[in-house]
Enquirer: 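Below are the structure tokens for one structure; questions will follow.
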Amino acid sequence: MNNDQVADVLGKIAVLLELKGENPFKTRAYSNAARQIETLNEPLQRIIDEGRLDALRGIGDALQAKIVELISTGRLVYFEELKASIPPGLVEMLDIPGLGPKKVKALSDQLGVLSVEELEKACQENRVSTLKGFGEKTQTNILEGITRRRTYASRHLLYEVQPLAEGLLDQLRQHPAVVRCSTAGSLRRCREVVGDVDLLASSNNPVEVITDFTSLPGLLSIIAKGETKASVLLEGGVQCDLRVVSDAEFPSALMYFTGSKEHNIVMRQRAIERGLRLNEYGLFRSSVETRDPALRIPCPTEEAIFQELGLYFVPPEMREDLGEFQLATAGPLPRLVEWTDLKGSLHNHSTWSDGRQSPADIAKSMIDLGLAYWGVTDHSKSSFQANGLMIPRLQAQIREVRQINVDLERDGIDFRLLTGTEVDILKDGSLDFPDDVLAELDVVIASVHQGFTLPEPEMTARIIKAIGNPNVHILGHPTGRLLLEREAYAVDQRAVIDACAKNGTWIELNASPSRLDLDWRLWAYAKSRGVKCVINCDAHKLEHAAFLRLGAGLARKAGLTREDIVNTWPLDKLKKALQEKRNRTR
Ligand code: DGT
Ligand code: CA
Ligand code: CA
Ligand code: ZN
């Protein structure tokens, strides 16, 4: 530990002691020691080695021993025990502007408030303003502080921020002083969850661009505003950072602010190996850090920078330092799937279970979108909370869907619904419908909808058993995760992928914004085992067809091509493959 770190720990001890209402002299001894150490101009380590610690003013024996412990072990048992003795919620409350240890102690002593959530409730119920030393104004400030803290700390689903980013980008594109603009950061890399929206623009007049950007209607607040960058708060508490650079800097700045950090590190290293320097200002002929325009290698695009560094272009989605460099040194990267390659979604719901539209209305709508097919795969009977179908209702639904297809054929329309089910995988791995019922259907998806808490070996065995049923075409949302809401259940995903490989079962990339499951990180393995992907909307209403685009984005991130994804196939090829799966011998 260095001096600053030691001072930090001692300062924290002072705060915790005050929070506990300890003797003020003791508290002050720690905060004084912290301040004194902060201003030392030599390392504590040396002072200790030379036996001069007791010469420091006002630091008694007990404190000296603690400093030695921190310097020599990097830890302090006393501090850890102290921390453990205080409810973590109280420490969290200290983060709220205007709340020091004394006030937090008063709140916990007098109102029994032990967490930020309880404090918020107390403010809303007007119980804080009546406390001595608080008042109406303090209560309002605390509430605002809690809200702000939550919005800053929060992360957001990609799908929720994409339209916000698109809207702002449109504004920038139309701005007369903007030459080029783009999203950057995790949004451009198509991460399933993002911290903020990063935007980049090039201009000869950054001040004007920043001024107009921060004057846009609909901003909740302006967090920071400078001459070349601004941070604002958008609807829903999403933070957006805009940076404005010269057009010559745009490609390198775009690369830098797209990241990821890990990818950038490798890129910079490659530059250094070639006697060059890469940073946000450009690629330079230099062996030291520089932003001298005279040394800049002209690179009008990101492609040019990759080329100078001996690499083929890496699409932004794949810049995670997870294998892309190996690909980009070997040859051009394969053409990744585009959402317009997708011809329909195989896993969707209708009014027969928990969807909003009837199969006929769904067909009409998907024809308008130019799709070629759409699976109607409602829930099975065990999903009673989702109005799952009993066998007679399933059979009635099959007749309805087939009639719609007959009508479509008669009218010469090139679109078909597929009959199907999203059948529950029961606890023991058997399926919620018998084989002869499943065999009737065009497409069968098997998913786990209950019993999420099974231990990993049981859960894995259960899913593998379902995969082995020749009537099952697709494993649905393989981990059950709900982003920012519910963790994946415990399952050995590689074993599941291996089982799919063995049985010729496809795996879903469920494109519902909070699922995006199977996770993009696992597709390279699935692909290496020859397992095909299906990008499914899991649509419960018409608008959910838009998830195809999101799903394609994540498939691109996973490095998948059109050939890896079965719902890029035309209907004939798809139907044939669905049939063949049934004919496989076990
Ligand atoms: P997020 O916002 O948490 O979802 O993730 P990012 O990746 O968008 O991170 P952000 O917004 O902090 O920064 C955007 C990009 O800027 C990041 O992907 C890489 C680049 N960047 C930011 N800070 C650093 C840094 O300290 N070193 C390097 N090499 N790159 C950085
Ligand atoms: Ca970001
Ligand atoms: Ca950012
Ligand atoms: Zn489901």
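Computed from a predicted structure; not experimentally measured. Order of appearance sets the numbers: ligands from 1, and atoms from 1 within every ligand.
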Enquirer: Any chance you could measure R243, atom CZ, to C181, atom SG, to the nearest 0.5 Å?
Expert: 15.0 Å
Enquirer: Given K261, Q239, R243, which one has a non-hydrogen atom that is nearest to atom 23 (N) of ligand 1?
Expert: K261
Enquirer: Checking only N/O/S atoms, does H379 have one that is under 2.8 Å from the Zn ion (ligand 4)?
Expert: no
Enquirer: Among G195, A184, S186, which one has a heavy atom closest to atom 6 (P) of ligand 1?
Expert: S186
Enquirer: For ligand 1, which atoms have a heavy atom of G259 less than 4.0 angstrom away?
Expert: 18 (O), 19 (C)
Enquirer: R481 vs D519, test: salt bridge (charged side-chain N to carboxylate O under 4.0 Å, His left out). Steps then yes/no.
Expert: CA-CA 10 Å; R481 77 173 179 192; D519 187 271; 2.6 Å; yes
Enquirer: Within the stated cut-off of 2.8 Å, is an N/O/S atom of E422 closer than that to the Zn ion (ligand 4)?
Expert: yes
Enquirer: Please lay out, stage by stage, how V448 and V491 fare under the test side-chain contact (heavy atoms from CB on, under 4.5 Å).
Expert: CA-CA 12 Å; V448 169; V491 59; over 6 Å; no
Enquirer: Can you tell me if D241 has an N, O or S atom under 3.0 Å away from the Ca ion (ligand 2)?
Expert: no
Enquirer: Only N/O/S atoms count here: what is the atom of H477 closest to the Zn ion (ligand 4) called?
Expert: NE2
Enquirer: Grab the two heavy atoms, one from L542 and one from D361, that are nearest each other, plus how far apart they are.
Expert: CD2-O, 4.3 Å
Enquirer: Assign the ring pair Y489 / F452 to parallel, tilted or perpendicular, where the plane angle (0 to 90°) is split at 30° and 60°.
Expert: parallel
Enquirer: Atom 15 (C) of ligand 1: which protein heavy atom is closest, and how many Å away?
Expert: F257 O, 3.1 Å
Enquirer: Using non-hydrogen atoms of the residue, decide whether T258 is closer than 4.0 angstrom to ligand 1.
Expert: yes
Enquirer: Can you pull out the closest protein heavy atom to atom 10 (P) of ligand 1? Residue, atom name and distance to 0.1 Å, please.
Expert: D198 OD2, 4.2 Å
Enquirer: If you measure from each non-hydrogen atom of R191 to ligand 1, which part falls under 4.0 Å: side chain, backbone, both or neither?
Expert: neither
Enquirer: Among E320, E317, E262, which residue satisfies the salt bridge (Lys or Arg N to Asp or Glu O under 4.0 Å) criterion with R189?
Expert: E320
Enquirer: Starting from atom 29 (N) of ligand 1, find the nearest protein heavy-atom neighbour and note its residue, name and distance.
Expert: R268 NH2, 3.5 Å
Enquirer: For H347 and T377, work out which heavy atoms get closest and say how close.
Expert: CA-OG1, 3.3 Å
Enquirer: Identify, by atom number and element, the atoms of ligand 1 in contact range of G185, meaning under 4.0 Å from any of its heavy atoms.
Expert: 8 (O)
Enquirer: Are D321 and I265 close enough that some pair of their side-chain heavy atoms sits under 4.5 Å apart?
Expert: no
Enquirer: If we set the cut-off at 4.0 Å for heavy atoms, which region of D196 has an atom near ligand 1: side chain, backbone, both, or neither?
Expert: both
Enquirer: Can you list the steps and then say if R188 with T258 is a side-chain hydrogen bond (donor to acceptor under 3.5 Å, both in side chains)?
Expert: CA-CA 7 Å; R188 184 166 182 244; T258 296; 2.8 Å; yes
Enquirer: Passes side-chain contact (heavy atoms from CB on, under 4.5 Å), F284 versus N279? Steps please.
Expert: CA-CA 8 Å; F284 299 92; N279 56 36; 3.3 Å; yes
Enquirer: Please state whether the separation between the Zn ion (ligand 4) and some N/O/S atom of H449 is under 2.8 Å?
Expert: yes
Enquirer: Using 30° and 60° as the class limits, which term best fits the ring planes of H349 and H540: parallel, tilted or perpendicular?
Expert: parallel
Enquirer: Between L187 and ligand 1, which part of the residue brings a heavy atom under 4.0 Å of the ligand: side chain, backbone, both or neither?
Expert: neither
Enquirer: With the threshold set strictly below 4.0 angstrom, can you tell me whether any protein non-hydrogen atom sits that near atom 2 (O) of ligand 1?
Expert: yes
Enquirer: Can you tell me the protein heavy atom closest to atom 19 (C) of ligand 1 and the distance?
Expert: Y256 O, 3.5 Å
Enquirer: At a 4.0 Å threshold, what atoms of ligand 1 neighbour a non-hydrogen atom of V194?
Expert: 4 (O)
Enquirer: Give me the residue, atom name and distance of the protein heavy atom closest to atom 7 (O) of ligand 1.
Expert: R189 NH1, 3.0 Å
Enquirer: Between V232 and K225, is any pair of side-chain heavy atoms under 4.5 Å apart?
Expert: no
Enquirer: Could you grab the angle centred on the Ca ion (ligand 2), going from OD2 in D198 to OD1 in D196, to 10°?
Expert: 90°
Enquirer: Strictly less than 4.0 Å: does any protein heavy-atom distance to atom 12 (O) of ligand 1 fall in that range?
Expert: no
Enquirer: Check whether any side-chain heavy atom of N2 lies under 4.5 Å from a side-chain heavy atom of Q5, and answer yes or no.
Expert: yes
